[in-house]
> 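Encoded as structure tokens, here's the structure I'll be asking about.
Throughout, protein chains are lettered first and strands after them, A, B, ... in sequence-line order, and every chain is numbered starting at 1. All values below were derived from every heavy atom in this structure, side-chain atoms included, with hydrogens, water molecules and symmetry-related copies excluded.
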Amino acid sequence: MAFQIPRGTQDILPSESSKWQYVEQIARELCRRYNYKEIRTPIFEHTELFLRGVGDTTDIVQKEMYTFTDRGGRSITLRPEGTAAVVRSFVENKMYGDPNQPVKLYYLGPMFRYERPQSGRFRQFVQFGVEAIGSNDPAIDAEVIALAMDLYRSLGLKKIKLVINSLGDISSRKAHREALIAHFKGRIHEFCEDCQVRLENNPLRILDCKKDREHELMKTAPSILDYLNEESRAYFEQVKSYLNKLGIPFEVDPRLVRGLDYYNHTAFEIMSEAEGFGAITTLCGGGRYNGLVQEIGGPETPGVGFALSIERLLAALAAEGIALPIEEGIDCYVVALGEEAKKEAVPLVYALRNEGISVEKDYQDRKVKAQFKAADRLQAKYVIIVGEDELARNVANVKNMQTGEQVEVALSELTTYMKKVCKGEY
RNA sequence: GCGGCUAUGGCGAAGUGGUUAACGCACCAGAUUGUGGCUCUGGCAUGCGUGGGUUCGAUUCCCACUAGUCGCCCCA
């Protein structure tokens with residue numbers, strides 16, 4: 001094989017792309033209802049943006065970025081996630097001055113992470129995400145979560161679970177962090193190597209460890225929820241209360257930790273519970289990032305959002321055996337017989353297409369039988385047959401492929417007739 | 001970054017250290033000289049991921065690489 005697709009990337013072939021279009025269309029429609037407007041930022045940014053925005057201790061920055069030097073000597077990185085770039089644009093375009101606050105944005109496009117591919121993980125993948133920047137109302141956290149859940153529900157997914165947690169504000173996080181270090185420090189040598197490193201970098205992650213799950217210190221470890229200060233606790237209570245009002249079921253998991261540095265207060269994940277879905281069950285991750293806008297150089301501005309992968313969404317649909325309502329077939333196939341008819345078929349097809357009818361014809365010089373087989377394969381609703389006989393009499397035969405019924409129609413009436421039968425127009 | 005498994009035609013899938021690489025689906029043609037979905041007949045891999053090595057000889061044995069796949073870490 002001469003050339004191969006780069007590792008961890010995929011071609012979305014015609015048989016799949018209609019599903020993508022369908023899902024994307026539903027996502028855009030939801031954003032219209034929720035009044036989130038699309039923002040399109042570049043696929044690459046200055047590397048520095050992600051170091052600052054995502055956090056230079058995160059796995060994404062430490063080992064997963066596609067970084068290169070451009071011809072001008074700048075360090076450029078293919079975006080590994082969407083939020084940093086959206087916030088950059090928010091600040092750069094001074095959207096904090098927009099009279100419509102909060103600023104509600106969505107994006108849909110490819111992200112890049114240099115990782116070992118596996119089920120549900122790619123080096124290029126497509127994220128749909130929203131960001132609501134400029135409001136500290138817990139109702140907007142609930143709105144963002146509701147939008148994500150709406151997308152899954154409207155596509156028919158049933159086996160999904162919403163998990164939420166609160167990471168608290170800066171002072172709550174700090175108090176909890178110190179409590180965790182104090183809790184584990186004396187006996188950290190009893191834990192796995194990863195956990196020993198985590199104690200320094202991000203002690204919160206120890207709670208998430210799969211290997212040491214059964215260790216007695218795990219069960220007695222301080223929960224973040226016990227370290228939330230009054231304000232953080234009240235905020236979390238309100239978010240939960242709004243979710244209840246919206247009838248959105250959720251689970252609180254005090255061990256839910258998100259991978260990016262910028263999160264505080266609300267953190268959530270939506271996971272698939274479908275059997276055989278694979279090891280990676282996270283469909284969507286999001287949360288609040290109140291310090292990020294300032295970190296990127298803007299005024300102190302709160303924000304909340306989520307990102308979800310279309311690949312995983314489609315995988316979840318497949319795992320639940322859900323077929324999307326996608327129209328596959330074409331309206332009409334023109335079968336031409338004989339040299340003269342073949343020439344006449346070209347303008348006929350053109351005229352029908354101009355009327356909004358989807359039409360195909362033969363370009364392989366196939367026999368009649370094979371042309372019908374092609375029409376059948378394309379799931380054509382109707383076949384128009386034009387041959388020497390018909391041409392001589394200025395008519396065409398129109399066959400309904402479902403019923404097998406065939407009628408003769410004058411060429412002058414043909415487009416009108418086809419519009420009527422294909423589109424119900426008169 | 002680490003580990004398991006895998007790599008044969010458009011797809012699925014057998015197979016052997018030695019002259020012609022099963023079979024199924026799909027596709028094409030004919031039976032049916034102007035009509036699909038059924039049936040029958042025929043056609044369809046100078047090639048067995050790539051590159052080395054062992055051997056008189058390798059698709060089959062060994063190594064490396066590449067890719068897929070599943071898992072670990074972590075994430076969407």
> Let's test your reading of the pairing rules: Watson-Crick or G-U wobble, both distances under 3.5 Å, then write RNA chain B as a dot-bracket string with ( ), [ ], | and dots.
(((((((..(((.....[....))).(((((.......))))).....(((((..]....))))))))))))....
> Taking only side-chain N and O atoms of A:Gln118, does any of them lie within less than 4.0 angstrom of OP1 or OP2 on B:G71?
yes
> For A:Phe128, answer base if it contacts any base atom (sugar-phosphate contacts may also be present), sugar-phosphate if it contacts only those atoms, and nothing otherwise; contact means non-hydrogen atoms under 4.0 Å.
nothing
> In whole angstroms, how far is the P atom of B:A76 from the CD atom of A:Glu131?
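One finds 12 Å between P of B:A76 and CD of A:Glu131, rounded.
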> For RNA chain B, which residues of residues 301-331 of chain A approach it to below 4.0 angstrom with any heavy atom?
A:Ala307, A:Ser309, A:Arg312
> When you measure from the side chain of A:Arg116, which nucleotide among B:U66, B:U69, B:A76 comes out closest?
B:U69
> Using a heavy-atom cut-off of 4.0 Å across all strands, would you classify A:Gly120 as base, sugar-phosphate, or nothing?
base
> Heavy atoms under 4.0 Å, any strand shown: does A:Arg113 hit a base, just sugar-phosphate, or nothing?
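Base contact.
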> Whole angstrom is fine here: how far is it from CD in A:Glu115 over to C1' in B:G68?
17 Å
> P atom, B:C40 versus B:A45: distance in rounded Å?
23 Å
> To the nearest Å, how far apart are A:Arg255 CZ and B:C74 P?
13 Å
> Would you mind telling me which of A:Arg121, A:Lys63, A:Arg7 makes a salt bridge (charged side-chain N to carboxylate O under 4.0 Å, His left out) with A:Glu115?
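The residue from A:Arg121, A:Lys63, A:Arg7 that satisfies salt bridge (charged side-chain N to carboxylate O under 4.0 Å, His left out) with A:Glu115 turns out to be A:Arg121.
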> Between the protein and nucleotides 29-36 of chain B, are there any N/O to N/O pairs under 3.5 Å, and if so, what are the atom names and distances?
residue : atom : partner  : partner atom : Å
B:G30   : OP1  : A:Lys367 : NZ           : 2.1
B:G34   : O6   : A:Asp389 : N            : 3.1
B:G34   : O6   : A:Asp389 : OD1          : 3.1
B:G34   : O6   : A:Asp389 : OD2          : 2.6
B:G34   : O6   : A:Glu390 : OE1          : 3.4
B:G34   : N1   : A:Glu390 : OE1          : 2.8
B:G34   : N1   : A:Glu390 : OE2          : 3.1
B:G34   : N2   : A:Glu390 : OE2          : 2.5
B:U35   : O2'  : A:Lys399 : NZ           : 3.4
B:U35   : O2   : A:Lys399 : NZ           : 3.3
B:U35   : N3   : A:Gln406 : OE1          : 3.0
B:U35   : N3   : A:Gln406 : NE2          : 3.4
B:U35   : O4   : A:Gln406 : NE2          : 2.8
B:G36   : O2'  : A:Asp376 : OD2          : 3.3
B:G36   : N7   : A:Lys399 : NZ           : 3.3
B:G36   : N1   : A:Met401 : O            : 2.6
B:G36   : N2   : A:Asp376 : OD1          : 2.9
B:G36   : N2   : A:Met401 : O            : 3.1
B:G36   : N3   : A:Asp376 : OD1          : 3.1

> With A:Glu143 as reference, evaluate A:Tyr242, A:Tyr36, A:Tyr34 under the side-chain hydrogen bond (donor to acceptor under 3.5 Å, both in side chains) test and give the passing residue.
A:Tyr36
> Check the phosphate of B:C70 against A:Ser119, side-chain N and O only, distance under 4.0 Å to OP1 or OP2. Yes or no?
yes
> Among B:U66, B:A76, B:C74, which is the nearest nucleotide to the side chain of A:Phe122?
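In terms of side-chain proximity for A:Phe122, the closest of B:U66, B:A76, B:C74 is B:A76.
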> Between A:Ile160 (CD1) and B:A76 (C1'), how many Å, whole number?
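Taking CD1 of A:Ile160 and C1' of B:A76, I get 15 Å after rounding.
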> So what does A:Ala375 touch, heavy atoms closer than 4.0 Å: a base, only the sugar-phosphate, or nothing?
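Contact class for A:Ala375: none.
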> Between B:G71, B:C73, B:G1, which one does the side chain of A:Ala279 approach most closely?
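Among the listed nucleotides, the one closest to the side chain of A:Ala279 is B:G71.
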> When you check the phosphate oxygens OP1 and OP2 of B:C27, does a side-chain N or O of A:Arg377 lie under 4.0 Å from one of them?
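For B:C27, OP1 or OP2 has a side-chain N or O of A:Arg377 closer than 4.0 Å.
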> Assign A:Gly82 to base, sugar-phosphate, or nothing according to its heavy-atom contacts below 4.0 angstrom with the strands shown.
nothing
